[in-house]
Amino acid sequence: MPSSASVPLVKLRKGDHGVILTLPKQAELRSQCIRLGICVAAQVRCSQRLPGGTIIIEIGRQEIAIGKALAGEIEVNVE
Amino acid sequence: MNNLTPDEITEILPHRGHRHHGTGAAAFLEQGKTRLVLVGNPNVGKSMFFNYLTGLYVDVSNFPGTTVEVSHGDHPKYAVYDTPGIYGVSSFNDEERVARDIILEGDLILNVVDAVHLERDLFLTLQLIDMGKKMIVCLNMMDEAKSRGLAINVQELSARLGVPVLPTTAIHKTGFDRMEEQLAQACVGNSESSLHRRLHELLNRVGSQAEALMVLEGDSIIAERHGVPPGDEREQIYVERRNRVNRLLDKVVTATEQKHSISATLGRYATSPWLGFPFLAVILYALYLFVGTFIAGDVVDLTEGTIGNRMFEPWVKDHVAAWTATDIVVEKVGEDAAGEEITLATRTFNFPEGTDANPALLQQMDSFRDGGTNNLRYNFSSPWAVIFFGEFGAFSMTVTYLLFLLLPLVLGFYLSLSLLEDSGYLPRLATFVDRALTMLGLNGRAIIPLILGFGCVTMATITTRLLGTDREKRIATTILQFAIPCSAQLAVIAALLATAGTGATLVYVAVILTVFITIGTVLDKTLPGTSSPLLLDLPPMRLPRARNVLQKTWVKTLAFMKEATPWFFIGALAVSILQVTGLLQQWVDILAPITTGWLKLPAEASQAFVMGLVRRDFGAAGLYEMALTPMQVVVALTTITLFVPCIASLMVMLKERGTREGLVIWIGSWILAFGVGGLVALVVI
Ligand SMILES: Nc1nc2c(ncn2[C@@H]2O[C@H](COP(=O)(O)OP(=O)(O)O)[C@@H](O)[C@H]2O)c(=O)[nH]1
Ligand SMILES: [Mg+2]
């Protein structure tokens, strides 16, 4: 089994761990992500995914809900 | 103003900002006393600190040039300001702009942080420190931190930040006794050294370190204020700050075993793909019981039905009738065997010079009324009396409507909303419905105005402000104005459908849902630009605190009533003028042929539609008296639901969305209501 693969955040399954590789392109969205702790090299865990692609991730002890469009723009390295 | 993309808006805002915010903040904040500003992320307990510091007398007002409410109160030593919850100081939205301006003008910052979510909260703390403001940090929610097995080295945190840190548990007031002592020791913290150097160069040009930081972080409004170009280092500074937060956390927080608490489990259920549905169903049912049955039924029956219609309005009209020409129609009512209200007898009394001039007739009238239950109708002759005290009068109907119908409903809705918010369910609900709303060009957050729409469309239209982009505001407003029946109307619709049967109900619900989904989908496909995606931090689920919930409910209700009341009066005035000039009747006559020919309804139904302009429930109520077949009920209710909303919500929409867009939506709903109503008639009648 390959040890890691780069996929968009939206592809994570419940329970998957990953490390963030890239942030969305739009500057303001990117800044908002960084404020919430979504930044390059951050460790994330997918704690829930809803049908349709809305995803909930955990960074540290913080849970964050991310819509499908945005989650599609964030690349993570799945472990 | 309304066709702009967010980027264009940011381009224009500097000018607006310069006028409103720049001078606004300074003028808004009280001079003289030390200005203490509470700053923190949403839901960290700021309001509890605010309540503790200020006591009972609190002033809530809109920040100049914005729709953001700011609470202001007095402490013996400080003038205290509660700012909106923010994740960072910048100008991404109105809340941030307001918080930023108050922070810039403040003398002393009390930064409340959630000990459980330091990852998130310390970003703002470090930004405040980088701004060079005198401050203290209150490390709140220590009880929750403890129960989650988090140990925080407060001394270390304080040493590294360079400002006093006070651990607190606001709900038990733990640590509050030391707050004043700590505030007295507030100081400027340790900002990052490299940043410090860069700030220094700008300092000479903009005057304060705080403003220099804002400029460096690319805040175009502040840059414009000082006539310097905005910096382009925001992202670099943010990333560095984020890394500082992470390093800090490594040093001060130790997590022992992570217990799975009930709140965490509930939180997971609320957003689970399967359990989320029953969870939502239970909450909706509870909401329906509380707002739909208790408030809209029992409470409003008492306040509107008894106090408003039988006591307040007759009392007002009785005083007016004393000196002006009027007919008084007395309807004696009783109950039949089934407990339904029925008319026992009706008689008209004529007072051409007012009731004072004819005590004998008044005597007769009183003996006819005979102490039982009566409905009184005053037909004033003078147009002035009609405008101010008549059927739709500003001092008769409007007061009843506002105080005895709307106020209980708005209180009920805001109470429910505050409970959902403080329990932490609301953001989870937004997450749960996000996907469905994305199809309508909205994101999960739009669930808030949509829910409120079932209470009062006017209130919901105001709440669309919390949506991220102009595009979303436009879609949400349109859906609200077209397809969401407000609670006043819902009660009447439900009663009519109950008599029309299950088949009719299903057709009606199917039609309205189809229109609802079609409007959203079509707007999403045709409007330029893109809507903002969901990005929401989920606070833990917790038991809401009564005092906090009540205070929130009260503040929101008061703010709404203050804002909406003038529009209800203006709306009533406009309709009364249409009534006395005969234009209202002309409108009814114009609509009559369409009503009979196209909608296949009796001609009087057009009267009901026009009445819907005044109050949406009047429209539906007018249908009661007509003998309609079940399918005619469907057509009439479809038309009335989609038909233009009440005049107050039109006024508020014009204000929120601008005259052009507001009128397009308004006229659109005429066309849609009669178009869809007619199509339904073609199929079912
Ligand atoms: N367990 C616990 N809950 C708290 C504490 N402080 C505030 N809360 C709760 O957190 C929620 C948000 O508080 P509020 O003052 O409205 O936060 P604000 O949004 O920052 O003004 C409320 O339900 C409070 O009851 C605390 O120290 N411990
Ligand atoms: Mg608050």
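Here is the naming used below: chain letters follow the sequence lines, and residue numbers restart at 1 for every chain.
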B/Ser532 portion near chain A, given a 4.5 angstrom heavy-atom threshold: neither

Under 4.5 Å from any heavy atom of chain A - which part of B/Glu96: side chain

Side chain to side chain contact (heavy atoms under 4.5 Å, CB included) between A/Gln32 and B/Leu535, worked out: CA-CA 8 Å; A/Gln32 279 172 338; B/Leu535 176 62; 4.0 Å; yes

Min side-chain heavy-atom separation A/Pro51-B/Arg435 under 4.5 Å: no

Structural part of B/Val433 lying under 4.5 Å from a heavy atom of chain A: neither

Note: A/Arg35-B/Glu235 ion pair, threshold 4.0 Å (strictly below): no

Inter-residue atom distance B/Thr431.OG1 - A/Ile64.CD1, 0.5 Å rounding: 11.0 Å

Minimal non-hydrogen separation, A/Leu50 against B/Ser272, with atom names: CD2-C, 4.2 Å

Heavy-atom pair count under 4.5 Å with chain A, highest-scoring of B/Phe92, B/Tyr87, B/Phe432: B/Phe92

Closest contact, heavy atoms only, B/Asp537 versus A/Gln62: CB-NE2, 3.3 Å

Choice from A/Gly53, A/Gly52, A/Ala65 maximising heavy atom contacts with chain B below 4.5 Å: A/Ala65

B/Thr438 portion near chain A, given a 4.5 angstrom heavy-atom threshold: neither

Contact leader toward chain B among A/Ile56, A/Ile66, A/Ile34, where contacts are heavy-atom pairs under 4.5 Å: A/Ile34

Proximity breakdown for A/Ala27 and chain B, heavy-atom pairs closer than 4.5 Å: both

Nearest non-hydrogen partners of B/Pro273 and A/Gln48, listed with the distance: CD-OE1, 3.4 Å

Student check: side-chain heavy atoms of A/Arg61 and B/Leu150 closer than 4.5 Å: yes

B/Arg242 side, atom CZ; A/Ile38 side, atom CD1 - distance, nearest 0.5 Å: 9.5 Å

Test: B/Arg428 and A/Glu63 ion pair at under 4.0 Å: yes

Atom pair CG (B/Leu534) and CD1 (A/Ile55), whose distance is rounded to the nearest 0.5 Å: 12.0 Å

OG-CG distance between A/Ser47 and B/Leu538, expressed to the nearest 0.5 angstrom: 8.0 Å

